[in-house]
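Quick notes on the structure that follows.
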Amino acid sequence: MRLNLISKLALASGLVLLCTIALFAYLNLRSLKGLLLQEAIAEADRVSETIIRTTHNQMLRDDRPLFYKTIQELGAQQGVERIRLINKTGRIIFSTDDAEIGTVLSKYSEVCGVCHGGPQLLLTASSMHRSRRFFAPSGEEFLGITNAIYNEESCYTASCHFHPEKLKVLGVLDVVVPLDRMHSLIVAYRDRMLFLTLLLITLTSISLTFFTQKLVNRPVRELLKHTHMLSRGELDGSVPSFANDELGELADSFNAMTLNLKKAREELEGWGRDLEQMVQQRTLEVTRMQAQLIRSEKLASLGELVAGIAHEINNPLTGIMVFSSLIQSAPTLDPALKRDIETVLRETKRCAEIVKGLLEFARCAPPQKAPCSLNEISDAALELVRHQILFQDVTIVRQYAGRLPALHLDSNQIEQVLVNMFVNAGHAMMGEGMLIVVTGLDQKTATAFVKITDNGCGIPEANLDKIFDPFFSTKSSKGTGLGLSVSYGIVQEHGGRIEVESQEGVGTTFTVLLPLHPAPSASLPAPDDAGAESSAPA
């Protein structure tokens with residue numbers, strides 16, 4: 001059976017208190033019994049001394065009838081069991097018990113052994129040594145005390161009778177008193193002690209139960225309840241404040257531990273969310289890098305193949321163009337065939353342009369880098385396209401960051417990239433719309449960027465992963481599909497990357513990111529319109 005804390009404390013305290021009181025009562029009863037016994041011996045000794053002094057004159061006159069009558073009356077008093085007079089030879093010459101008159105006692109008997117029991121005869125002894133305790137056949141306990149009758153001067157000089165002067169002791173007076181009163185007092189005291197012990201244990205148990213319930217059990221139950229809540233993962237609860245003691249400090253420690261656990265769990269959950277986001281971000285980056293590696297490998301392999309094919313095709317195309325031109329300029333040419341020759345020349349030139357693009361795509365010449373201003377390169381590229389018919393109704397907005405640091409770039413190649421993207425934006429807007437060019441810095445990634453945004457037709461989501469592939473184009477017959485591929489290769493050679501965001505029917509944003517390589521000087525001067533926002537129709 002499981003006992004609660006109050007029961008255990010009450011039981012333990014009761015047992016300790018019971019053992020303590022029992023030991024105290026035993027020692028107290030033992031001490032009381034000794035005191036009562038000493039008092040009984042003193043009282044019996046006083047009775048004996050009183051008898052001797054009362055009958056002294058009677059013994060001097062040798063008035064034995066009166067002497068015996070006096071002893072008989074004193075022995076009849078309450079509290080005296082028996083009185084007897086023993087002479088120097090050990091004979092009982094008188095007793096309140098007639099049956100033992102004339103009996104001779106041995107010197108080793110209980111009465112005579114007090115003085116005659118040792119190696120030497122004792123003439124005097126203390127009352128404690130002259131007393132004895134014994135039990136009657138009925139089981140009642142008695143106390144006997146002997147008192148010597150000494151041969152005083154008045155005795156051996158008396159005229160009535162004569163005792164030799166050298167005789168020291170004339171006889172012994174033995175008084176026996178019952179000890180029932182002492183036992184009744186001890187029993188009454190024992191009963192009273194037992195009652196007080198039970199009362200004290202009861203009151204102590206009740207007090208311990210009350211104070212334990214208030215000061216110990218209730219706080220412990222609150223702490224236990226809080227512990228169960230913690231085991232279930234409930235960290236919102238708290239232990240109420242107790243008194244300013246150890247349990248109060250324990251409650252405060254529990255509350256502090258709960259707050260720390262809650263804070264740690266929130267931090268772990270936050271770390272888990274951050275880790276999940278980081279894993280997702282890293283996964284996307286790894287996927288993007290894998291796609292870039294695959295695209296790079298594909299472009300490299302394709303570039304080698306295209307370079308060989310372009311060189312093989314270029315010579316026949318040159319011959320076709322030469323002979324077609326000769327045929328077209330011949331005066332003997334049939335006018336009916338002149339239109340066909342023009343078609344051959346036009347398509348041959350188109351093939352030549354495709355071959356030229358293939359050669360540029362396959363060209364692996366390293367960029368000639370030098371400190372350049374990204375804002376100036378963007379302005380130069382815009383100057384090349386803004387006067388074309390395609391940009392006649394396009395509004396160009398420049399949003400340049402002021403005092404960009406100089407970048408180590410091949411300005412011609414980066415300008416070619418921007419021109420390709422401006423032209424693509426013009427085609428997407430179909431010659432009418434707004435082109436926004438933004439430059440700036442990304443301190444977290446240590447890159448400079450050019451962001452080109454148009455409000456054209458946008459790119460379908462299914463085509464976003466294909467726009468950098470060679471020969472892929474969404475402009476039908478208006479392009480070869482090599483512009484973005486060449487631009488991608490150029491930016492990659494510069495250690496950068498191109499990002500694209502597009503929504504069909506809303507517009508497209510291309511972002512060219514290039515790594516920062518500060519020049520020895522702080523920065524190049526910004527153009528006059530750097531840091532300003534301007535718009536002008538092309």
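Since the model is a prediction, treat every value here as computed from it, not as a measurement.
R398 is not listed as a side-chain neighbour of N375, based on a closest heavy-atom distance of 4.5 Å or more. With contacts defined as side-chain heavy-atom distances shorter than 4.5 Å, the pair V385/L390 does not qualify. Two residues are said to be in side-chain contact when any heavy atoms from C-beta on lie closer than 4.5 Å; E285 and Q281 meet this criterion. Contact check for L409 versus L374: side-chain heavy atoms found under the 4.5 Å cut-off. Considering only heavy atoms from C-beta on, I396 stays 4.5 Å or farther from F422 through its side chain. Contact check for K369 versus H494: side-chain heavy atoms found under the 4.5 Å cut-off. Between R133 and L143 there is a side-chain heavy-atom pair separated by less than 4.5 Å. The shortest distance between side-chain heavy atoms of V176 and R132 falls below 4.5 Å.
Closest non-hydrogen pair, L407 versus P515, comes out as CD2-O, 3.9 Å. Contact detail for P371 and H408: the closest heavy-atom pair is CG-CE1, 4.2 Å. When every heavy atom of Y400 is checked against every heavy atom of S378, the shortest pair comes out as OH-OG, 3.0 Å. Across all non-hydrogen atoms, the minimal contact from E140 to P178 is OE2-CB, 3.9 Å. Pairing each heavy atom of L441 with each of A448, the nearest pair is CD2-CB, 3.9 Å. Smallest separation of non-hydrogen atoms from G144 and F134: N-CE2, 4.2 Å.
A donor-acceptor contact shorter than 3.5 Å is absent between the side chain of D45 and the backbone of I41. For D454 (side chain) and G426 (main-chain N/O), no donor-acceptor pair under 3.5 Å exists by modelled atom type. With T439 contributing its side chain and A401 its backbone, the two residues share a donor-acceptor pair below 3.5 Å. Side-chain atoms of T287 come within 3.5 Å of backbone N or O of T283 as a donor-acceptor pair.
One finds the NZ atom of K33 at 6.0 Å from the CE atom of M182 (value rounded to the nearest 0.5 Å). Interatomic distance, CG of N412 versus SG of C372, reported as 8.5 Å (0.5 Å rounding). A distance of 12.5 Å separates CZ in R30 from CG in N28, rounded to the nearest 0.5 Å.
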Sequence neighbours left out, cut at 3.5 Å: what donor-acceptor pairs do the side chains of residues 195-202 make with other protein atoms?
| residue | atom | partner | partner atom | Å |
| --- | --- | --- | --- | --- |
| T197 | OG1 | M193 | O | 2.6 |
| T202 | OG1 | L198 | O | 2.7 |

Donor-acceptor contacts, no H, no angles, side chain residues 428-438, under 3.5 Å, sequence neighbours left out:
none

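Remark: R192 pairs with no residue by the salt bridge (charged side-chain N to carboxylate O under 4.0 Å, His left out) rule, at least two apart or across chains.
Of the charged side-chain nitrogens involved, none lies within less than 4.0 Å of a carboxylate oxygen, so that E43 and R46 do not count as a salt-bridged pair.
Few gaps surround CD on E269; more than 12 heavy atoms of other groups in view lie less than 6.0 Å from it. Crowding of E499 atom CD: a count of heavy atoms from other residues, nucleotides or ligands under 6.0 Å exceeding 12. The environment of CZ in R181 is sparse: at most 12 heavy-atom neighbours from other residues, nucleotides or ligands sit within 6.0 Å. Within 6.0 Å of CG on L27 lie more than 12 heavy atoms contributed by other residues, nucleotides or ligands.
Partner T453 forms a side-chain hydrogen bond (donor to acceptor under 3.5 Å, both in side chains) with one of T508, T511, T509 and no other, that one being T509.
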